[in-house]
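Structure first, then comments.
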Amino acid sequence: MQDFLTERYDPDLIEKAFQSDWEARGAYRATEDPNREKFYCLCMFPYPSGRLHMGHVRNYTIGDVIARFQRMNGKNVMQPMGWDAFGLPAENAAIENGVHPAKWTDQNIAYMRSQLERLGFGYDWQRELATCKTEYYRWEQWFFLRLYEKGLVYRSTATVNWDPVDETVLANEQVIDGRGWRSGALVERKEIPQWFLKITAYAEELLNELDNLEDWPDAVKTMQRNWIGRSEGLELKFALIGLDDSLEVFTTRPDTLYGVSFMAVAPEHPLALSVAAADDTVAEFLNECKLQSTTEAALEKMEKKGIPLGVNARHPLTDEPIPVYVANFVLMSYGTGAVMAVPAHDQRDWDFAKKYDLPIRPVISCGNGEIPDISKRAYVEKGNLVQSDVHSGLDFEDACESIIQLMESNGTGVRRVQYRLRDWLVSRQRYWGCPIPVMYSEDGTEIPVSDDMLPVALPDDGQGTPLSNIKEFVEAVLPDGTVGRRETDTFDTFFESSWYFSRFCSPDQANMMLDDRVNYWMPVDIYIGGVEHAVLHLLYARFFHKTMRDAGLVSSDEPFKKLLTQGMVCKETYYREMGNSRRKYFSPEEVEIKTDSKGVALSGVLKADGREVDIGPIEKMSKSKNNGVDPQALIEKYGADTVRLYTMFAAPPEQTLEWSDTAVEGSFRFLKSLWRMVFEHAKSTNQNKRTYKKDELDPVLGELRRHIHRTIVKVTDDIGRRYKFNTAIAAVMELVNHLSSVNADDNDTLAIKQEGFETVCKLIAPVVPHIAAAIWRNLGSQEDLLLVGWPEADQKALVTSEINIVVQVNGRKRAIISVPVDATKEVYESMALEDGNVKRFTKDQTIRRMIVVPSKLVNIVVSD
RNA sequence: GCCUGGGUGGCGGAAUUGGUAGACGCAACGGACUUAAAAUCCGUCGGCUUAACGGCCGUGCCGGUUCGAUUCCGGCCCUAGGCACCA
């Protein structure tokens, strides 16, 4: 390996030299070793979209910093990388460019792998996997069959977005303003049979075990709790007058039962469908509902509408007739698909009742026992019951208890725990996914594919068309020799991403899904990825892991010990209005920004035509907003270390990072000047190691050495405990500034500076491994920086005799004084009172109190 | 609409357990070097005020708790992410 003793910092040369050295040595290969403490460091694997984006760079740099830090601290580190390779974009590319999804995906993987290598990430590439390969997905087909055997899989109907022109199912993102993105046709809701996984069977455990995930962010745990949405209440039947049937509803407010003034069912509810069969007005309303979006957000935001079904239910306590409506805001997929409405005590019911002039009957009193004012809005607080027959006067708890018991005793109701969480719909009507291993006989009977027929491989000739169009795939010979048809749905890609972290432990295992090695590495010690995955991916992965545990494949209860949710990478958007509320977005490279003297962006001009563009809000870098900054260009201009340093320095990992091109320059400048300083230093020491006597340093060098060791403490804590890489880097910069300000060339100074630079090397090695390794050599060390341990602070160097404390008068800072470290409370007080500026503010005043916080401050409370 | 975050100088951010608001960096401005530019180096840098020491105001807005609040509590505004077929 060459030396790098040049004055000029040449990142390209250095980085490529070390990267090929690491590769040749297999420096990041991980092997199981029961005698060493393992550390499994994992970043969410990427979708191979074509090129890395800044979100990837940020994500993987965070992971690499942590992995390198843990390695230097003696852990047996495993950091793998793979590809979440099934998904929609590959199908779109196939349709648009005529290239097969597999080929498109493989090309993307090859290019993106080269980008990751160029960034110097310490991955064990021998463990690389891609979910679109049969070696991977055959095992999830195998495991699906185990779940099928256990009854955790079932088939049922569910709503999809249906494009009536293209006759195809659309993803939510393919529906734009209610129309299909290619055909432009109005999209309809359609019910089709699909496969589900019974995640609700694990709802209780998924909820309870959140309490044990100490190293997960509270925000994520709260989101998952709310998503699971456990609630206790009453499920009860309202008999339908004149029909031999009843309507089941669930309520968390049984105490408001006497206030029910109407009922509402979802448009897909059997009752609504049967009425519609004979009633054109209702049928028309249901058709209208069919044009509504299938997303919950859209359903909640739209105008609440309903129509009476001409059917009445009987109130189970008062026997009164209650009108039944069909309403567009009731979700068939939540609860029973029907609700009882209490307009006096629920705002949405109140709005609906006002609109359709339905009775609003208060049954809950305010604090003082009075009937609340419900003329302007619903009264949603809890309180004592009124106008509720024998239950009047009871409080919330007693009323619920008493009403539930009454309903249970007469057989119209039952106490129930309800979850908001719905079963996981795993079917997708797509080509580029893992085929669901089921066949059907002529009469429609499900026949699971037998293990020895696995994998059910994707046919090669699909070009983004659904599997149902490929005759050779659909037709299959059943075990009894007759011809049946294959299931043509493929799995949701969350299926693949729910267990890849376990497969990384035994990626080469050809005979089993997982082997013993999984229990050495799992659980993942730290899992790093975007906050946008806080609920779906992370909940599915937890669920899947538990089903694997119950199948005896893994021994841990939870897959991820610590979770670090990384913030988005954002950037300004540039666009022009194109009419009918459509916008055309321009990429940052296409736009020139004019700023005022303070650097605030005033206007943007499109380079191509010189005309102005609108500057939009700062948003997550995305294809649709065309506001991505290409990391490749930055790597080529500044090198990987600068890109890594900037992304770690600009913001703490959890926070959104607003991209700034100019600030990158600052990170490059820091590395350049560090390089030059070490070069100058190496020249003046002539590569001779110097020693010094710790006890005989002059005060300036003593302070410098204290700073070196204080920085070790700070950086160790910032990276190892706080995961605040930005402040760790700031602390190193401060130390470097200090080192550069000491310019003598006597023996002691050079020796302390040597100690300082060596420390800087080790402290920044996780962030900028290439330059750190090169500088390390320039400092004259023959050891390999990868094998050098993390520095330890010399406690003796940290000792100081005096400390600065703040003196406040009535909570306002008036002075900073220096006190001996071992000063008593009395010394603090008398020294504080002696200060000149403090005296100005205490003169002619009476001292009421003195608050002393040792080694921090003294607050003198005075008054006239 | 619901759930979860965030709001601090011109900008990114710091202040770790309620104890010095603005570390570190970017931009800007002034100066040195240079034929010139770039690069580099030195200095200034929240607002108002003061000859200076210093003082007053200031962490989205309104209110509260406290000797002391960017930090805790209540209400409001703005903003980002998620909302089950983007991954």
Side-chain angles (χ1 to χ4, degrees), chain A residues 44 46-47 49 84 87-89 158 160-161 169-175 217-220 222-223 225-227 229 294-302 304 329 333 348 421-422 424-425 427-430 492-494 497 530-537 539-540 565 567-568 570 595-600 617-620 622-624 646 649-652 654-660 662-667 669-670 672-673 676 717-718 721-722 724 726-727 729-734 737 804-808 810-813 816 836-837 840 848-851 853 856-857 859-861:
Chain A
M44 290 180 186
Y47 176 77
S49 54
D84 188 14
L88 263 186
V160 294
N161 299 306
V169 176
L170 299 177
N172 283 337
E173 77 158 11
Q174 296 173 318
V175 181
D218 288 331
V220 173
T222 309
M223 277 190 266
R225 270 186 205 107
N226 291 332
W227 185 264
T294 58
T295 70
E296 193 183 328
L299 286 171
E300 286 289 337
K301 265 189 281 191
M302 77 202 167
K304 309 291 183 286
F329 61 86
S333 50
R348 192 167 59 184
L421 180 70
R422 309 200 294 258
W424 178 11
L425 199 175
S427 284
R428 297 293 183 268
Q429 296 69 40
R430 315 249 176 269
D492 175 7
T493 56
F494 277 127
S497 59
V531 257
E532 66 273 24
H533 296 290
V535 179
L536 290 177
H537 162 60
L539 193 66
Y540 292 143
T565 50
M568 314 274 166
C570 299
T595 57
D596 67 9
S597 63
K598 285 178 174 170
V600 179
I618 294 164
E619 293 184 74
K620 176 185 172 180
S622 70
K623 219 172 193 176
S624 62
Y646 172 71
F649 180 58
E654 290 95 339
Q655 219 156 301
T656 51
L657 187 158
E658 283 170 35
W659 190 261
S660 154
T662 52
V664 179
E665 196 79 41
S667 295
R669 208 147 45 212
F670 170 73
K672 268 197 295 189
S673 76
R676 202 171 36 243
D717 188 50
D718 278 353
R721 180 181 66 88
R722 299 209 306 149
K724 297 262 188 191
N726 57 329
T727 53
I729 293 163
V732 173
M733 285 176 172
E734 281 180 83
N737 290 344
N804 289 335
I805 64 153
V806 170
V807 184
Q808 298 182 330
N810 286 348
R812 286 159 172 271
K813 182 174 78 173
I816 292 172
N837 203 39
R840 277 178 57 197
R848 302 289 174 189
R849 251 175 102 177
M850 283 183 85
I851 288 142
V853 182
K856 286 242 168 83
L857 80 127
N859 188 12
I860 304 164
V861 185

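To find a chain, count down the sequence lines: A is the first, B the second, and so on, and within it residues start at 1.
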Could you check which of [options] has an atom nearest any side-chain atom of [X]?
X      : options             : value
A:V169 : B:C85, B:C83, B:A15 : B:C85
A:M568 : B:G13, B:C83, B:G81 : B:G81
A:N737 : B:C86, B:C24, B:G81 : B:C24
A:R430 : B:C86, B:A23, B:C85 : B:C85
A:N172 : B:C85, B:C83, B:A23 : B:C85
A:H533 : B:A87, B:C67, B:G1  : B:A87
A:Q655 : B:G13, B:A23, B:C85 : B:G13
A:A171 : B:U40, B:C86, B:U4  : B:C86
A:R721 : B:U16, B:C86, B:A14 : B:U16

- For RNA chain B, the dot-bracket notation using Watson-Crick and G-U wobble pairs below 3.5 Å, [ ] for pseudoknot-type crossings and | for other-strand pairs, is (((((((..(((......[....))).(((((.......))))).((((....))))..(((((..]....))))))))))))....
- Message: Measure NE2/A:H537 against C1'/B:A87 and give the value in whole Å, please.
- Response: 10 Å
- Given atom CZ of A:F329 and atom P of B:C2, what is their separation to the nearest angstrom? 15 Å
OP1 or OP2 of [N] sitting under 4.0 Å from any side-chain N/O of [X]?
X      : N     : result
A:R812 : B:C56 : yes
A:R422 : B:A84 : no
A:N226 : B:C2  : no
A:R669 : B:C26 : yes
A:T493 : B:A87 : yes

- Query: Does any donor atom in the side chain of A:S497 or A:D84 lie under 3.5 Å from an acceptor atom in the other side chain?
  - Reply: no
- Item | Donor-acceptor pair, side chain of A:K304 and main chain of A:M302, under 3.5 angstrom | yes
When you compare the protein's N or O atoms with those of nucleotides 18-21 of chain B, which come within less than 3.5 Å of each other, and at what distance?
residue, atom, partner, partner atom, Å
B:G19, N2, A:Q808, OE1, 3.2
B:G19, N2, A:N859, ND2, 3.4

- Would you say the side chain of A:W424 lies within less than 4.5 Å of the side chain of A:F494, judging by non-hydrogen atoms? yes
